[in-house]
Amino acid sequence: MRTQFTASGGAHSCCSAVSSSSCCCISTAAADRRLNALVRHLGIEDSKSAMADISANPTSASNGDSVFAHVVRAPEDPILGVTVAYNKDPSPNKLNLGVGAYRTEEGKPLVLNVVRQAEQQLVNDPSRVKEYLPIVGLAEFNKLSAKLILGSDNPAIQENRVTTVQGLSGTGSLRVGGEFLARHYHERTIYIPQPTWGNHPKVFTLSGLSVKTYRYYDPATRGLNFQGLLEDLGSAPSGAIVLLHACAHNPTGVDPTLEQWEHIRKLVRSKALLPFFDSAYQGFASGSLDADAQSVRIFAADGGECLVAQSYAKNMGLYGERVGALSIVCKTADVASRVESQLKLVIRPMYSNPPIHGASIVATILKDRNLYNEWTIELKAMADRIISMRQQLFDALKTRGTPGDWSHIIKQIGMFTFTGLNSDQVAFMTKEYHIYMTSDGRISMAGLSSRTVPHLADAIHAAVTRLG
Ligand code: KET
């Protein structure tokens, strides 16, 4: 059958190069004829009244208001909202130390050279297509991601006991893991550190888990509250899920030592708790991908089960590409394949299947020895720049004689310093110095440069001396 839309003839002479369906000069009369033909085709007798019915009642509440009139304005996100406020500030001296996003010494976002090279390879390859990926994502990317975090010689990988699915960066991977656990794991409580990344409680609550906290940080020492952590996990119900930051704990910058990790592992295993690692900063804590994966690897090496959510936002600078992975280490290959089949049922109605570009960049880098080596060098340079910012800020505060012990700035690791500044001091620094940071006193060291350190040190000094 011919379609109704081509019934009235060929292209007009004015636009013979285009097909009749996209002709630029179809008259209103011709369009009406086609519409009428469609209405006849659909069996609607009186096209005018049918059309009148369609247009007479625009959707609205019974009083004529918007059906959404009752919707209250939500507050901005505590982290991403800092960038919203920063963007509105016209001051030339403004400084965004809110979101954890790497900046160069010039204060500019950085696209890694290896990422540019990988993208170039991808565009130059004419065999690449834009088909849907499978529900679990790019197979090669998944395999390489599991190896990156668990170690390429990890027996669990060799025994096919690990199932990995591509996720929408770290957040999406945590969410898929959370929803899988809520559906298929017997214990619905997840213990998260106090404090933790602000999105954790929301992600896990909306996944269907019940969120509790364990002590982690001691404000008095600005270090780990190891005793509190052991007590709280020790009194968690057997089987409870435990969220652990793989390295570079956000927001505190305080990690357990390897010895303490070993202690935690024994406790977790003896109580049959289920570890769920959030690895958003592999390579950012020490500059070494292997050193930063030690916590996860000691768990993955003991034969027990665990989950790991990985993000490539920070360590490959792929923030907006939303590339991540969720791995579940299982007891047997058979369990792993059944777990994977259920992960697909979580993913399919959520976003169907993940995007192809970012995962292809990561796979291109991870599988090529030269690109991989270059990546480790660029990653180390980012980590080193952050470490040097710590030293510079510490020195600047010492020079100013700012009251207090600021040694935690150089002791903490990763992207953030948990300064100990309170919300009033933060508000003062934003108002008077146009420095933007989260209200808990966390600053992103990656957003700082040699040029901006004096400005930040002046602001901290003023905040501490005036509002101390
Ligand atoms: N886990 C942790 C611990 C984390 O800090 C972040 C991001 C994520 C997961 C998720 O990152 P993703 O971009 O989904 O891979 N943290 C920074 C950005 C944010 O809040 O979204 C931050 O704390 O600034």
Side-chain angles (χ1 to χ4, degrees), residues 76-86 96-103 109 137 141 145 148-149 165-178 190 192-204 206-207 211 213 216-217 242-255 275-285 292-293 295-296 307-327 350-351 354-355 358-359 361-362 382 386 412-419 436-448:
E76 289 285 359
D77 181 81
I79 297 174
L80 301 184
V82 174
T83 303
V84 175
Y86 167 85
N96 187 2
L97 304 177
V99 69
Y102 186 82
R103 296 285 176 268
F141 164 86
S145 294
L148 183 70
I149 188 71
V165 296
Q166 187 184 325
L168 301 182
S169 213
T171 311
S173 306
L174 290 166
R175 178 70 187 261
V176 168
I190 184 163
I192 60 174
Q194 171 61 35
T196 191
W197 179 48
N199 216 14
H200 277 148
K202 300 169 198 172
V203 166
F204 292 121
L206 288 170
S207 297
V211 173
T213 60
Y216 188 85
Y217 179 73
V242 183
L243 192 276
L244 299 161
H245 293 227
C247 69
H249 182 274
N250 177 8
T252 66
V254 173
D255 283 357
F276 191 161
F277 282 95
D278 180 355
S279 175
Y281 299 95
Q282 189 183 356
F284 254 88
D292 288 357
S295 57
V296 179
L307 291 84
V308 192
Q310 282 168 272
S311 167
Y312 290 97
K314 327 279 168 152
N315 59 12
M316 257 190 218
L318 292 174
Y319 306 89
E321 295 289 356
R322 313 307 294 145
V323 207
L326 172 75
S327 288
M350 205 192 283
Y351 54 86
I361 296 172
V362 174
M382 289 195 284
I386 295 172
Q412 294 173 357
I413 55 172
M415 236 175 181
F416 305 106
T417 290
F418 206 42
T419 57
Y436 289 78
M437 53 199 276
T438 52
S439 61
D440 59 2
R442 183 191 87 166
I443 56 177
S444 170
M445 298 307 285
L448 210 51

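Bear in mind that the values here come from a model prediction, so they are computed numbers and not experimental data. We count ligands from 1, going down the list as the structure has it; atoms in each ligand are counted the same way.
- Every atom of ligand 1 with a heavy atom of A313 under 4.0 Å away is listed here by number and element: 13 (O), 15 (O).
- Contacts between V99 and ligand 1 below 4.0 angstrom, taking non-hydrogen atoms only, involve backbone and side chain alike.
- Here atom 20 (O) of ligand 1 lies nearest to W197 when heavy atoms of F416, Y281, W197 are compared.
- By the 3.5 Å distance cut-off applied to N or O atoms, H245 is not counted among the residues near ligand 1.
- Some N or O of G170 is nearer than 3.5 Å to an N or O of ligand 1, by distance alone.
- Counting the atoms of ligand 1 from 1 in the order shown, those under 4.0 Å from a heavy atom of R322 are 12 (P), 13 (O), 14 (O).
- The protein atom (non-hydrogen) at minimum distance from atom 12 (P) of ligand 1 is S169 OG, 3.3 Å.
- Of the possible polar contacts, one joining the R442 side chain to the G98 backbone as a donor-acceptor pair under 3.5 Å is found.
- Every atom of ligand 1 is numbered from 1 in the order shown, and the set under 4.0 Å from a heavy atom of N250 is 4 (C), 5 (O), 23 (O).
- Defined by atom type and a distance below 3.5 Å, a donor-acceptor pair is present between the side-chain atoms of Y312 and S145.
- With distances taken over non-hydrogen atoms, the option nearest atom 2 (C) of ligand 1 out of L80, V82, D278 is D278.
- Applying the 4.0 Å criterion to heavy atoms of R442 picks out, from ligand 1, the atoms 22 (C), 23 (O), 24 (O).
- In this structure, the side chains of F204 and R175 stay at 4.5 Å or more apart for every pair of heavy atoms.
- For the atom pair CZ (F416) and OH (Y281), the distance works out to 3.5 Å, reported to the nearest 0.5 Å.
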**OP:** Check the pair I361 / V323 against side-chain contact (heavy atoms from CB on, under 4.5 Å), numbers first and verdict last.
**Re:** CA-CA 9 Å; I361 296 172; V323 207; over 6 Å; no

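- By the criterion of a heavy-atom distance under 4.0 Å, neither the backbone nor the side chain of E321 is placed next to ligand 1.
- Checking each of D77, L97, N96, V99 against V82 for a side-chain contact (heavy atoms from CB on, under 4.5 Å) leaves exactly one that passes, namely N96.
- Looking at G100 next to ligand 1, an N or O pair under 3.5 Å apart turns up.
- Contact of the I386 side chain with the F284 side chain is registered, since non-hydrogen atoms from C-beta on lie closer than 4.5 Å.
- Annotation: side chain of F418 is in contact with side chain of P195 (closest heavy-atom distance under 4.5 Å).
- The only option from H200, H245, Q310 that meets the side-chain hydrogen bond (donor to acceptor under 3.5 Å, both in side chains) definition with D278 turns out to be H200.
- Scanning the protein for heavy atoms near atom 14 (O) of ligand 1, the closest one is T171 OG1, 2.5 Å.
- Ring-plane geometry between H249 and Y216 is classed as parallel, the angle between the planes falling under 30 degrees on a 0 to 90 degree scale with a further cut at 60.
- At under 3.5 Å, not a single nitrogen or oxygen of H200, backbone or side chain, sits near a nitrogen or oxygen of ligand 1.
- Residue S311 has at least one heavy-atom neighbour below 4.0 Å for each of these atoms of ligand 1: 12 (P), 15 (O).
- Looking from atom 18 (C) of ligand 1 to the surrounding protein, the closest heavy atom is K314 NZ, 3.6 Å.
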